[in-house]
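The structure appears below as structure tokens.
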Amino acid sequence: MKAYRASILYFPDPSVAQAALETDGLLVVGPDARGRQVVQALGPYAEVAPRFAGVPTEQFPGRLIAPGFVDLHIHFPQVDVIGSPAEGLLPWLENYTFPQEKRFSAQDHSAQLATFFMAELLRNGVTTALAFATSHPESVDALFAEAQKRRLRLIAGKVLMDQHAPDGVRDETQQSLADTEALIRRWHGVDRLGYAITPRFVPSCSAAQLRGAGELAAKYPDVWIQSHVAENKDEIAWVRALYPEARSYLSVYEQFGLMRPRAIYAHCIHFDDEDRALMRSTGAAAAVSPTSNLFLGSGFFDYAGADRIGFGYGLASDVGGGTSFSPFHTMLAAYYVGREGQTKPGLSLSPQHLWWQHTAGAAQALGLAGVAGNLLPGCEADFVVLNPQATALLARRSAQAASLDELLFSMIVLGDDRLVEKTVISQAGGAAGHPSEN
Ligand code: GUN
Ligand code: ZN
């Protein structure tokens with residue numbers, strides 16, 4: 001067992017976007033019955049410490065311990081795509097993304113980028129991620145192997161794309177489905193790894209490929225599904241031309257059996273209430289990707305609409321359409337997006353709500369409430385140690401914070417990877433510290 005003394009941020013009810021702060025708290029971590037390193041206790045130091053006398057305690061004076069961040073949608077092969085200028089989604093895919101993804105047919109390139117990608121996640125405090133690889137099965141093996149080494153909770157999949165894509169990234173229908181099933185059997189449930197069936201988006205998948213993906217989703221109900229939907233107007237017009245009889249873009253996924261709990265759809269911008277009701281009734285959830293949506297000019301996720309109908313969502317970087325690995329940048333962009341279409345006067349999204357979307361809320365969207373994204377007893381012990389004095393400006397501003405919301409907002413607005421002093425990952429036999437190299 002090991003204990004950590006600091007201010008500790010957590011979500012008393014993981015389904016509610018309200019945080020609590022233990023100003024002088026103690027977090028006790030130890031193995032559960034299965035040998036996983038989980039939170040054993042969390043509370044005021046004065047109350048918890050006597051119950052764990054003799055447990056070695058690491059002190060973090062002036063620091064804030066918070067749940068490791070959960071990135072609900074990210075592309076591992078798009079590290080070198082960040083910041084590529086394009087008129088919009090489709091030319092961006094054609095001119096920058098597909099050419100970069102082609103390079104992952106080479107094993108050494110996949111392995112090198114997997115190492116870089118995982119280090120970047122940890123440096124930014126991300127301890128759980130749902131990631132696209134490329135259409136090359138080797139890229140999935142490289143990514144999982146690296147995640148297994150670093151103990152990250154990673155869910156990932158081979159991209160399915162058998163049409164409307166260039167040579168070098170386009171796959172073949174039957175082989176792509178056989179590869180997907182082989183990868184599920186190789187990786188799903190190994191340590192903290194999970195598989196996600198990954199049709200890229202409707203235009204890049206034949207009906208046969210979507211049907212096959214839906215059949216695999218039915219055969220393996222605890223495997224995740226990830227895709228993109230309703231991101232961009234030109235993309236939507238393309239789907240309408242391909243499926244003129246479909247009620248909406250989202251309904252095409254439903255038609256092929258790809259809407260269910262553990263299905264995460266990136267963007268979900270251009271929805272109507274019937275789409276929102278379909279998300280709710282099927283238990284699918286949205287990966288809100290605000291830096292990507294602002295960068296590519298895709299539009300604004302409608303938070304009021306999502307809450308009115310009531311479907312699940314969480315935050316995502318969407319690197320490389322997204323511009324940053326930093327959860328602080330993503331939360332700030334979500335605040336800006338929440339301003340659009342704001343119906344009531346007052347704040348956009350509250351700082352606690354933004355933080356929840358990138359931790360406990362995102363974990364809930366993945367069906368991992370009580371496992372990831374929080375520090376309640378029983379949760380896996382993944383956390384970050386944040387330094388609110390990391391920069392001179394942040395030190396000034398955070399010192400004057402008069403409430404939890406003000407403290408969190410100072411970090412959201414002024415924060416980046418410099419704030420993340422340490423990322424600690426749950427590990428059988430002890431927690432592994434990844435000191436930040438900032
Ligand atoms: N739609 C299909 N592929 C992609 C992708 O790689 N990124 C984004 N943002 N949207 C997509
Ligand atoms: Zn994406």
Side-chain angles (χ1 to χ4, degrees), residues 71-104 113 117 129-136 139 143 155-166 168-171 196-206 209-210 213 224-239 242 249-250 252-253 258 263-270 285-301 313-325 330 333 337 362:
D71 192 330
L72 213 42
H73 178 83
I74 185 164
H75 297 257
F76 131 70
Q78 293 180 13
V79 166
D80 295 334
V81 179
I82 298 179
S84 298
E87 277 169 45
L89 172 68
L90 300 178
W92 174 83
L93 283 172
E94 196 74 24
N95 297 327
Y96 294 103
T97 306
F98 293 155
Q100 278 296 340
E101 293 195 5
K102 274 183 198 175
R103 302 176 65 194
F104 287 73
L113 267 286
F117 177 77
L130 175 60
F132 274 52
T134 64
S135 54
H136 316 96
S139 74
L143 185 60
I155 306 165
K158 179 206 121 56
V159 176
L160 298 167
M161 44 190 304
D162 67 352
Q163 65 176 22
H164 300 134
V169 289
R170 197 177 59 256
D171 60 15
I197 298 164
T198 308
R200 180 167 212 123
F201 66 158
V202 164
S204 71
C205 302
S206 68
Q209 195 176 42
L210 290 172
W224 283 267
I225 298 166
Q226 58 180 344
S227 192
H228 299 92
V229 74
E231 176 179 6
N232 166 286
K233 294 270 171 62
D234 294 335
E235 169 209 20
I236 292 168
W238 194 4
V239 173
L242 291 167
Y249 185 168
L250 188 67
V252 178
Y253 291 118
L258 291 163
I264 305 289
Y265 285 90
H267 311 300
C268 302
I269 295 170
H270 307 284
V288 182
S289 307
T291 72
S292 170
N293 300 159
L294 296 170
F295 181 74
L296 290 173
S298 303
F300 303 86
F301 181 77
Y313 55 79
L315 278 176
S317 65
D318 191 27
V319 159
T323 50
S324 173
F325 276 82
T330 302
V337 164

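It should be emphasised that the depicted structure is a prediction, and the values quoted were computed from it without experimental measurement. Counting starts at 1 for both ligands and their atoms, in listed order. One-based numbering along the sequence shown.
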Is it the case that the side chains of [Y] and [X] hold a donor-acceptor pair, with the cut-off being a distance below 3.5 Å and no angle test?
X	Y	answer
Ser292	Asp318	yes
Gln209	Gln163	no
Glu231	Asn293	no

Distance-only, no hydrogens or angles: does the [X] side chain make a donor-acceptor pair with backbone N or O of [Y] under 3.5 Å?
X	Y	answer
His136	Gly168	yes
Arg200	Met161	no
Tyr253	His228	yes

Among all the protein's non-hydrogen atoms, which is closest to [atom], and how far away is it?
atom	answer
atom 4 (C) of ligand 1	His228 CE1, 3.4 Å
atom 7 (N) of ligand 1	Trp92 CZ3, 3.4 Å
atom 10 (N) of ligand 1	Glu231 OE1, 2.7 Å

If we only count N/O pairs under 3.5 Å, is [X] in contact with ligand 1?
X	result
Asp318	yes
Arg200	yes
Gln78	yes
Glu101	no

Taking only non-hydrogen atoms of His75 and a 4.0 Å limit, the atoms of ligand 1 in range are 5 (C), 6 (O), 7 (N)

Show which atoms of ligand 1 fall inside a sub-4.0 Å distance from at least one heavy-atom site of Leu89.
8 (C), 10 (N), 11 (C)

Is there a side-chain contact between Val252 and Val239 in this structure, where contact means two heavy atoms from C-beta onward sitting under 4.5 Å apart?
yes

Tell me, do Phe76 and Ser139 make a side-chain contact under 4.5 Å, heavy atoms counted?
yes

Protein N/O/S atoms under 2.8 Å of the Zn ion (ligand 2)?
His73 NE2, His75 NE2, His228 NE2, Asp318 OD1

Can you establish whether the number of heavy atoms outside Lys102 located under 6.0 Å from its atom NZ is more than 12?
yes

Any His267 heavy atom less than 4.0 Å to ligand 1
yes

What about Tyr249 and Phe201, are their ring centers closer than 6.0 Å?
no

Assert yes or no for the condition that the ring centre distance of Phe301 to His270 is strictly below 6.0 Å.
no

Which one of Tyr96, Phe201, Phe98 has a non-hydrogen atom at the shortest distance from atom 2 (C) of ligand 1?
Phe201

